[in-house]
Asker: 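I'd like to ask some things about the structure below.
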Amino acid sequence: MTYAPSRLREEIAYVAYHFHWSREEILDLTHAERRQWVTEIARINTRVNEGG
């Protein structure tokens, strides 16, 4: 199974925007690691947006 290029770009942009990591740093992560960071960023954003 392959990973959709559009989804990969979306994850890279999301992590890069929030953590200011380079494309290369993000691509060095495994798919599982990258998904974990995306999930954690989403949690942080939810907490901040809810005022907590």
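Since the model is a prediction, treat every value here as computed from it, not as a measurement.
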Asker: Given Arg43, which partner from the list Thr46, Thr39, Ile41 fulfils the side-chain contact (heavy atoms from CB on, under 4.5 Å) test?
Answerer: Thr39
Asker: Parallel, tilted or perpendicular: which fits the ring planes of Trp21 and Phe19, with parallel below 30° and perpendicular above 60°?
Answerer: tilted
Asker: Which residues pass the salt bridge (Lys or Arg N to Asp or Glu O under 4.0 Å) test with Glu25, sequence neighbours left out?
Answerer: none
Asker: Which residue pairs pass the salt bridge (charged side-chain N to carboxylate O under 4.0 Å, His left out) test with at least one member in residues 5-23, sequence neighbours excluded?
Answerer: Arg7-Glu10, Arg7-Glu11, Glu11-Arg34, Glu11-Arg35
Asker: Which distance, rounded to the nearest 0.5 Å, do you find between the CD1 of Ile26 and the CD of Glu33?
Answerer: 12.5 Å
Asker: For residues Asn45 and Tyr14, determine if any side-chain heavy atom of one lies less than 4.5 Å from a side-chain heavy atom of the other.
Answerer: yes
Asker: Find the distance between CD1 (Ile44) and CG (Asn49) and round it off to the nearest 0.5 Å.
Answerer: 11.5 Å
